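The structure under discussion appears below in the form of structure tokens.
All of these numbers come straight from a predicted model, not from anything done at the bench.
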Amino acid sequence: MIQIGQHNTLTIARDTKVGLFLTDGTDDVLLPNKYVPREFEIGQELAVFVYLDHEERPVATTLVPYIQLNEFGWLRVNYINEFGAFIDWGLEKDLFVPFKEQARPMEQGKRYLVYLYMDEKTNRLTASSKTNQFLDNENITVAVHEEVDIIVSHITDIGINVIINEKHKGLAYKDEVYAEVKPGQRMKGYIKTIRPDGKIDVSLQKIGVEAIEPGAEKILSELRASRGVLRLNDHSHPEDIKTVLQMSKKTFKKAVGHLYKNKLIEIKEDGIYLL
């Protein structure tokens, strides 16, 4: 069965005046002439994305959308009419966000985090910025210290709200974030704590022993760029360490200890020196 809103690998069944008809053996879909490759053969397989055209008919394209079905994306609003907002997702036809699926009224030209789903009532691909309804923190599929993919959802006074592996809500506390992040940004994260109530704390840096090696590499890199001297030591203020190295003082001290043990640095009153 051809999957609407997803990438499909289909077989060229026949060539017509309007384009190629592709098949999965059961269903056919049109690949319009504008997307037909210069050279092709009947029976050849093509990787395409299938969505619904302006008349809500399945159509194939070789364009790659910014998101596909059951995924989140940080997308820009192209225009708004009496029915809702229409956002750019990289295809000819904009993606529809009904007013009832807007967490707050959308504005033309601004970007929002949205989720792409199939509306069961209309059988149309639809987006929603009410993202919490698509996240599940009751059936946790991650473990403490596991590396995960995260998307920055929004930033509050407490910290950075994130979406974990497109499935769960998580939070990275503000005082543990050592680099600038922006809504919609994708990055790696690490599960710090899973609470009994299902809340998940996330770190943007590796945790425990695994954090030492990247921290040590960061310090060595900064030493080389600073002519072998960093004016930081055990007595430095955490904010100074954060500004220079984008790491916590705890990670800094462990990394410095690792470098000193391996005779790569010398520690003095006024800072650390590269050997």
Side-chain angles (χ1 to χ4, degrees), residues 1-36 45-108 110-139 141 151 153 163 165-169 184:
M1 183 176 180
I2 294 176
Q3 302 298 314
I4 306 297
Q6 298 183 41
H7 296 282
N8 294 256
T9 299
L10 305 175
T11 302
I12 299 175
R14 60 189 186 278
D15 184 12
T16 71
K17 291 182 179 180
V18 294
L20 298 178
F21 275 89
L22 312 178
T23 184
D24 65 350
T26 304
D27 300 316
D28 293 352
V29 65
L30 174 67
L31 178 68
N33 279 322
K34 67 180 79 175
Y35 304 122
V36 172
E45 288 189 339
L46 286 180
V48 295
F49 182 80
V50 179
Y51 69 116
L52 302 176
D53 66 12
H54 292 281
E55 297 181 13
E56 304 304 331
R57 299 172 303 186
V59 64
T61 178
T62 52
L63 296 175
V64 179
Y66 303 140
I67 58 172
Q68 62 176 343
L69 189 65
N70 302 327
E71 287 186 351
F72 296 89
W74 182 249
L75 304 181
R76 178 174 54 84
V77 175
N78 275 346
Y79 68 97
I80 297 170
N81 65 14
E82 65 271 27
F83 302 108
F86 293 82
I87 56 181
D88 176 17
W89 61 318
L91 302 180
E92 286 187 19
K93 179 189 175 185
D94 289 333
L95 187 59
F96 179 50
V97 188
F99 287 122
K100 66 182 180 65
E101 289 298 333
Q102 297 177 23
R104 63 181 188 275
M106 291 182 166
E107 298 179 39
Q108 183 174 335
K110 291 189 175 182
R111 291 180 177 271
Y112 300 88
L113 185 69
V114 299
Y115 181 83
L116 176 59
Y117 69 100
M118 181 68 77
D119 188 331
E120 294 181 356
K121 293 182 179 179
T122 62
N123 289 320
R124 294 177 179 176
L125 291 169
T126 308
S128 173
S129 63
K130 295 182 177 180
T131 54
N132 282 344
Q133 63 182 310
F134 304 104
L135 299 171
D136 176 15
N137 277 45
E138 291 185 5
N139 302 297
T141 62
I151 307 170
S153 172
I163 294 170
N165 288 350
E166 309 270 353
K167 295 179 180 179
H168 311 304
K169 291 186 292 183

Measure the NE2-CG distance between His54 and Asp94 for me, rounded to the nearest 0.5 Å. 8.0 Å
On a heavy-atom basis, the closest approach of Glu101 and Ser128 is OE1-OG, 2.6 Å
I'd like to know whether Leu125 forms a side chain to side chain contact (heavy atoms under 4.5 Å, CB included) with Met118, so could you lay out the CA-CA distance, the side-chain angles of the two residues, the decisive distance to 0.1 Å, and finally the verdict. CA-CA 5 Å; Leu125 291 169; Met118 181 68 77; 3.7 Å; yes
Would you say the side chain of Leu113 lies within less than 4.5 Å of the side chain of Ile163, judging by non-hydrogen atoms? yes
I'd like a table of donor-acceptor pairs (distance under 3.5 Å, sequence neighbours excluded) in which one partner is a side-chain atom from residues 69-77, with atom names and distances.
unit_1, atom_1, unit_2, atom_2, d
Asn70, OD1, Tyr115, OH, 3.2
Glu71, OE1, Gln68, N, 3.2
Arg76, NH1, Asn78, OD1, 2.9

Any side-chain hydrogen bond (donor to acceptor under 3.5 Å, both in side chains) involving residues 13-31? Give me the pairs, sequence neighbours left out, ordered by first then second residue. Arg14-Asp28, Thr23-Asp28
Identify the heavy atoms of Pro58 and Ile4 that sit nearest to each other, and give their distance. CB-CD1, 3.9 Å
With rounding to the nearest 0.5 angstrom, report the CD1 to CD distance, Ile80 to Gln108. 6.5 Å
Calculate, to the nearest 0.5 Å, the distance between atoms CG and OH belonging to Leu63 and Tyr35 respectively. 4.5 Å
Test item: Asn132 side-chain N/O and Lys130 main-chain N/O as donor-acceptor pair under 3.5 Å: no
Using the rule given for salt bridge (Lys or Arg N to Asp or Glu O under 4.0 Å), can you reason through Lys93 versus Glu55, listing the C-alpha separation, both sets of side-chain angles and the distance that settles it, and then say yes or no? CA-CA 10 Å; Lys93 179 189 175 185; Glu55 297 181 13; over 6 Å; no
May I ask you to test the Val97-Tyr112 pair for a side-chain heavy-atom distance under 4.5 Å? no
So with a 6.0 Å cut-off around CD of Glu120, is the heavy-atom count from everything else above 12? no
Between Tyr51 and Trp89, how do the two ring planes meet: parallel, tilted or perpendicular, split at 30° and 60°? perpendicular
Roughly how far apart are Asn123 CG and Glu56 CD, rounded to 0.5 Å? 9.5 Å
For Ala103 and Ser129, the nearest pair of non-hydrogen atoms, with its separation, is N-OG, 2.7 Å
Please confirm whether the backbone N or O of Thr61 pairs with a side-chain atom of Lys34, one donor and one acceptor, at under 3.5 Å? no
Under the ring pair (Phe, Tyr, Trp, His ring centres under 6.0 Å) test against Phe96, which residue among Tyr117, Phe83, Phe86 passes? Phe86
What distance do Lys169 atom NZ and Thr131 atom OG1 have between them, rounded to the nearest 0.5 Å? 8.5 Å
Which heavy atom of His168 sits nearest to which heavy atom of Thr141, and what is that distance? NE2-OG1, 2.9 Å
Please report the closest heavy-atom contact between Gly19 and Val36, naming both atoms and the distance. CA-CG2, 4.3 Å
As an exercise, state the distance from OG1 of Thr126 to CG of Leu52, rounded to the nearest 0.5 Å. 9.0 Å
Just so I know, are the side chains of Asp53 and Glu92 near enough to count as touching, which here means a heavy-atom distance under 4.5 Å? no
Provide the closest heavy-atom pair for Ile87 versus Ala127 in the form atom of the first, atom of the second, distance. CD1-CB, 4.1 Å
